[in-house]
2 protein chains.
Amino acid sequence: MPLKAPADFSELNEIMKTPRQTDSDASHEDRAKAIRDTLRDAIVDRRLSPGAKLSEAEVGSLYSVSRTIARSALQMLAFEGLVTSERNKGAFVSNPSPEEARQIFTSRRLIETGILQSAAENMSAEDFAAFREQLKKEALLKEDHGAKARREEIKVSGDFHLMLAEVAGNAILKKFMEELIGRSSLVIALYGKTGTSSCGSDDHFGILEALEAGNLDQATKMMLHHINHIEADLDLRPQSSLSLKDALQL
Amino acid sequence: MPLKAPADFSELNEIMKTPRQTDSDASHEDRAKAIRDTLRDAIVDRRLSPGAKLSEAEVGSLYSVSRTIARSALQMLAFEGLVTSERNKGAFVSNPSPEEARQIFTSRRLIETGILQSAAENMSAEDFAAFREQLKKEALLKEDHGAKARREEIKVSGDFHLMLAEVAGNAILKKFMEELIGRSSLVIALYGKTGTSSCGSDDHFGILEALEAGNLDQATKMMLHHINHIEADLDLRPQSSLSLKDALQL
DNA sequence: ACCAATAACATTGTATACAATAACACATTT
DNA sequence: AAATGTGTTATTGTATACAATGTTATTGGT
């Protein structure tokens, strides 16, 4: 069903079927941002597969806005690396190379180490409570084996890392992390080997525990191990079927 | 000719006086990007001071493009943090807070450490030669005490850090560094205390030397010291004259 | 003279029209 | 039949028109 049809019925139409978030009040603040957010969710959830074309007219008509707005939303996603736009050709969901995937995780190892350090200094009791709450959510999704739950799982497990960035209190690093998490999700969706969660909540739990015990070194070690684990779960060999897939992307 | 200014003579017009780069061939590739680049240079050079208004119509008329293009260029700069745009108000050259400045340097300490590590692994003989060339350029600018040279100096000393990012071979970290360098230049222009160069090429030379000697630890130590030195040269106390300046920004 | 309400203006937000480019199909030629 | 050229169509690039919003000036009242 989510398979993209050949001629006229684009994969993009599928996302209309998903419930749209608060459309009434928040949207008028910046409609392009709202559209960007929905599209990003769709990309990260793999409802839009890499290589899928995002035509300005189609995006616009799906959200009942002009091409101007759609174009703006696509431009934002291009800045984040989730969308690749080619002049006079259009915008496509990015199809990151294995090399790019490795760079993403290298960057994460570096930045998340720093974030962890700052976060450790700032974590309050309420923060720890919020994290425990979050881990519960992860655990629930892990038990559910539905396809929808799996997609949610990727996003929610990213939230753990984003929460750390939030607590760290550095807006710039947080912004970097948001980009990295988005791209990671795309890469995981692309190259993920196992069906099992690539971002074990066990790892998250261990990191949290180490933080709570005040053992930053241990937390850092576990974080690095965790990221390595995610990366190791990818199949980054020179893809074969992908080039084929790319050929019929349009 | 492209001047449309009737009443007030905005600061923005000044940038027309600076020679525009290759307009004939590269520009048609993406005009918005070309405009973004010139504006970024102007901001980083402090030819456009923080708080200055960048009206879409004015930018457009200065470059003889429609507001559509001007708007796109401004949006890009907003993503980089050099411009702050407020809905229904317009775009302004960012006026980063002292707290934001600290976060920028914290981020740099983290990311440049990682970049240095990767760069050390990749540095070739040609790379070292290129760096030495670059340091010569820095030294020349240091001797020249003109106002123009000082502005160039900020940009060129940033190039050293960007070259390291380039050699490191991680496109994502490089992109992050580009943003950080741009924001640093803005912050330095804003809060710089001394008239003397805030980014001593002596520091750069030391780092290069340590790299050439294969002493990564030493290079890292010097890099951190270097960044600390830049930050220490700022006056990040709660600004007083700035709020006044902000008041008459428009 | 001061304040409030309102009108005039300027600027941004959005939609749409037109131009430029690329993709495709078909026809013509060899 | 293959290849190349041409015309058609679809999509993006850009400019502009109009709507919505914010700002400022003016006018009326106290």
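Just so we're clear, the structure is a prediction, and the values are computed from it rather than from any experiment.
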Short side-chain N/O contact to [N] OP1/OP2 from [X], under 4.0 Å:
{"X": "A:R67", "N": "D:dA10", "result": "no"}
{"X": "B:R87", "N": "D:dT21", "result": "no"}
{"X": "A:K33", "N": "C:dG13", "result": "no"}
{"X": "B:S66", "N": "D:dA15", "result": "yes"}
{"X": "A:K89", "N": "C:dA23", "result": "yes"}
{"X": "A:R71", "N": "D:dG13", "result": "yes"}

How close or far is atom [atom2] of [N] from atom [atom1] of [X], stated in whole angstroms?
{"X": "A:I69", "N": "D:dT12", "atom1": "CD1", "atom2": "C1'", "value": "17 Å"}
{"X": "B:F92", "N": "C:dT12", "atom1": "CZ", "atom2": "P", "value": "8 Å"}
{"X": "A:L54", "N": "D:dT12", "atom1": "CG", "atom2": "C1'", "value": "14 Å"}
{"X": "B:E56", "N": "D:dG22", "atom1": "CD", "atom2": "P", "value": "15 Å"}
{"X": "A:D30", "N": "D:dA20", "atom1": "CG", "atom2": "P", "value": "17 Å"}
{"X": "B:R31", "N": "D:dT12", "atom1": "CZ", "atom2": "P", "value": "18 Å"}
{"X": "A:Q75", "N": "D:dT12", "atom1": "CD", "atom2": "C1'", "value": "14 Å"}
{"X": "B:E86", "N": "C:dT11", "atom1": "CD", "atom2": "P", "value": "16 Å"}

Do [X] and [Y] sit within salt-bridge range, that is, some charged N less than 4.0 Å from a carboxylate O?
{"X": "B:E100", "Y": "B:R183", "answer": "yes"}
{"X": "A:R102", "Y": "A:E99", "answer": "yes"}
{"X": "B:R108", "Y": "B:E231", "answer": "no"}

D:dA15, C:dA22, D:dT21: which one has an atom nearest the side-chain heavy atoms of B:N88?
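When the side chain of B:N88 is considered, D:dT21 is the closest of D:dA15, C:dA22, D:dT21.
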Side chain of B:K53 only, heavy atoms from C-beta on: which candidate in C:dT12, C:dA15, D:dT14 is closest?
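Among the listed nucleotides, the one closest to the side chain of B:K53 is C:dT12.
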Start at the 5' end of DNA chain D and walk down; is the nucleotide closest to B:V65 or to A:A57 reached first?
A:A57
Looking only at side chains, do A:S124 and A:D127 share a donor and an acceptor under 3.5 Å apart?
yes
Below 3.5 Å, does any donor atom in the side chain of B:T68 face an acceptor in the base of D:dT16, or the other way round?
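Under the 3.5 Å cut-off, the side chain and the base do form a donor-acceptor pair.
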For A:F160 versus A:E138, what's the shortest heavy-atom pair and its separation?
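It is CB-OE2, 3.6 Å.
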